[in-house]
Amino acid sequence: MLNYKDIIKNISDWLKKAINNSSWERIKGFSQIQPRWLKIILSFAISLFLFFTILDFIFPLSLNINYSSIVQDNKGITLHSFLTRDHKWRLPLEEREVTPLLFAAFIEKEDHWFKFHPGVNFLAVIRAINQNIKYQKRKSGASTITMQVARMVEPKARTYSNKIIEIFRALQLEWHLSKRQILQLYVNLVPYGGNIEGVKSASIFYFDQEVEALSPAQVATLVVIPNNPQHLRLGIDNHQIINERNIWLKKFAKAGIISYSQLIDALNEPLEAKRHNAPNKVPHLSVELRKRYPAKTILKTYIDQNIQDQIESISFDFVKGIKHLGITNAAVIVIRNSDRSIIGYSGSVDFNDFYAQGQVDGVQAIRSPGSTLKPFLYAMAVDKGVVTPKTILSDVPVDYAGYRPENYDEKFRGMVSMENALALSLNIPAVTLLNQVGIKEFAATLGHSGFNWISKNQQNMGLSLILGGCGVNLEELTSLYSAFPNHGLYKKVKMIKEIHKDSTQSVVFSDGAAFIVSDILTKLKRPDLPQHVENSMHLPRIAWKTGTSYGRRDAWAIGYNANYTIGVWLGNFEGKGIPELNGADFATPLLFRLFNAIDYTNGKEWLTIPKTVDFRLVCSMSGQIPNNSCKDRVIDYFIPGVSSSKICEHLKTVFTDLSGKISYCRYCMPTSGVIRNEYPNLPPEIISFYNQEHIPYKMIPVHNPFCTKIGKNNGPIITSPSANTTYLMHDNQQQLLLSCSVENGVSYIYWYINNKMICKARPDEKIFFTPSVGEIKISCSDDKERNSNIYIHVNKEK
Ligand SMILES: [Zn+2]
Ligand SMILES: [Zn+2]
């Protein structure tokens, strides 16, 4: 038997031993004592985890939720929504819209331990199983928010095996997503009866409000319904919903989610909920956006609802007043110049007007632009140095390979300044300018500036392009007009807020050309100012241009000031011509009304002369730098270094005999009996026009018939038709080719048939003419006044 002392000794010995043992040995000893527990638990956990990751790999979580596409205005308010493929209103809630109250309320109501459990609340599951066994029926769901999400993403019948799948999916959700993301999915998918799913849909369809604006009482309402959407039907069972709502409002106050003062207000708040229609504003834009961005669910536009409402009501009222004429529709687009965003878009005056084909989008419809492309051409011609505002252009009959354009009023003005030609929208000077600038170059510039139809068809363009012989839409036109107030810089307009990867940007005109054209287009003395408009309405300070398509099917007016560019189209979608329809009398007044409504106060001088533009005195007869004999001089804008600096030759010095009947050149001038005279230096097409119209002018006398120099050397040689040949024609329409070869340096030639000019052409241009029967004189003269003639004979086949 051990005595007390021995026991003490033994203990102290054991302690000494223990202290003397290395700590390593002790740890080893400890690990030898503990392993079974730890190993079993750890290996079980690791294999469970491995099993889960393998399952997660084999059965990956699929969150391909089909949401309704929604279109938002510039403030994020829903303007339009589309049904999902499975015919549901499942509007997506963005993260910014989720208020802390909304999340807290749902957690409090649905899943108190949401923030702490791994997707499954195992304690609640055990309790539920226990209860189920006890009562022989399923009583408690024990569903966490995560499990509910799993069920809503992958709906399944309620069986025990499906419950296991649901638990697995819930664990996956927690593994892959954050708690916030899971909650967001939950509020996006909770059912609200019928085909309405998600808090955002419910908020818009029942309260006509965005989620951010919901009151605590409304939030509580939306929290109580999902559990029982069949019996708590908003707008029908409102009374029951209020009872349920108030029970939970009190619980929320108790849990500190809402304050007691909020509770009092919320309890007293009446429930005003009824089923509203789906948001269906800006229908044309919405359809267009869905076409352009099929993969995007939330389409954030720049639409300003205030401006949108105004353009819709103004154009609706305007068309109402002219419907009896057959003008049944209007389309309007408003671009903010500073960022080229579309802030107003109306495709027709009434989307739901079946008879007027209101669903057609007049902003996107490809139509003939009439004269609306002319300002682009004039700006390009200014940049090429070809014209300045006072440059004199010919407005006389012309023939470009059989194309004989006419003016709107079928009149010819002889000589006209460039600024008047543009302001009066004359066709002939525009066609001549296009011929000078080049169809290919002009069409290519338009093609690069967003004009799709023109881009596709640019190989087949003729000179009629500038008079509307092409297809454009209102968006394209208005977009390029917005380059004018932006110093000539073209940028693709923006329909939605996104990072533009291919933001097309190009300098289409110089700032000088943009200013010069804008200055002309702000002038009020012009035919496209509606009749008597001065007396009846406030005139906005804008630059604008009208257009009327061939056959009077379309009326256009596109205008801009410093802030906005607005495009207007009027007509009908059947494409019927209307005798009264024209841009000046119909599209312009609508454009003015829109500017007055949107930007009334912008009456100040908004055009400022850029540094690149200067003034100079020019001869009024030509628009060129005056020489000593140019007496009438006017002030003109020009771009130094770009605009032509040609000295005026509107008069030409000619030596004649004393009677003024014979003119001489320096080779044939006699030594005496010669006087010096000045004659107008008119282009051949003007001389031809003056002769035809019997307009008197001071003619240069015939050249000395005994002269051996002029007209003999290096004049054009007519290569087709062949001189002194008889041609047999099959019918009256058959044409003959005119061609010639010219000396180097000749840029233009003039063709005459029987002494009548038929056209001015480039030497390499292929010209055709329809010959009459009999002897024909064909003449060709070059721009150095050298002429050659041939004669042919034409017979008709019998
Ligand atoms: Zn002159
Ligand atoms: Zn001579």
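Just follow the structure's listing: the first ligand is 1, and inside any ligand the first atom is 1.
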| request: Run the numbers on Glu419 and Lys390 for salt bridge (Lys or Arg N to Asp or Glu O under 4.0 Å), then give the verdict. | output: CA-CA 6 Å; Glu419 60 184 357; Lys390 302 289 184 210; 2.6 Å; yes
| request: Show all protein N/O/S atoms under 2.8 Å from the Zn ion (ligand 1), or state that there are none. | output: Cys619 SG, Cys630 SG, Cys648 SG, His650 ND1
| query | Phe592 and Trp544: aromatic ring centres closer than 6.0 Å? | reply | yes
Only distances under 3.5 Å count here; give the side-chain donor-acceptor pairs of residues 427-446 to other protein atoms, sequence neighbours excluded, each with its distance to 0.1 Å.
from   : atom 1 : to     : atom 2 : distance (Å)
Asn427 : OD1    : Lys374 : NZ     : 2.7
Asn427 : ND2    : Glu406 : O      : 2.7
Thr432 : OG1    : Tyr400 : OH     : 3.3
Thr432 : OG1    : Ile428 : O      : 2.9
Asn435 : OD1    : Arg762 : NH1    : 3.3
Glu441 : OE1    : Lys384 : NZ     : 3.1
Glu441 : OE2    : Lys384 : NZ     : 3.2
Thr445 : OG1    : Glu441 : O      : 2.8

| Strictly under 6.0 Å, is that where the ring centroids of Phe376 and Tyr481 end up? | yes
| request: For this output row, return yes or no: ring centroids of Phe515 and Tyr637 closer than 6.0 angstrom. | output: yes
| Does Tyr550 OH have over 12 foreign heavy atoms under 6.0 Å away? | no
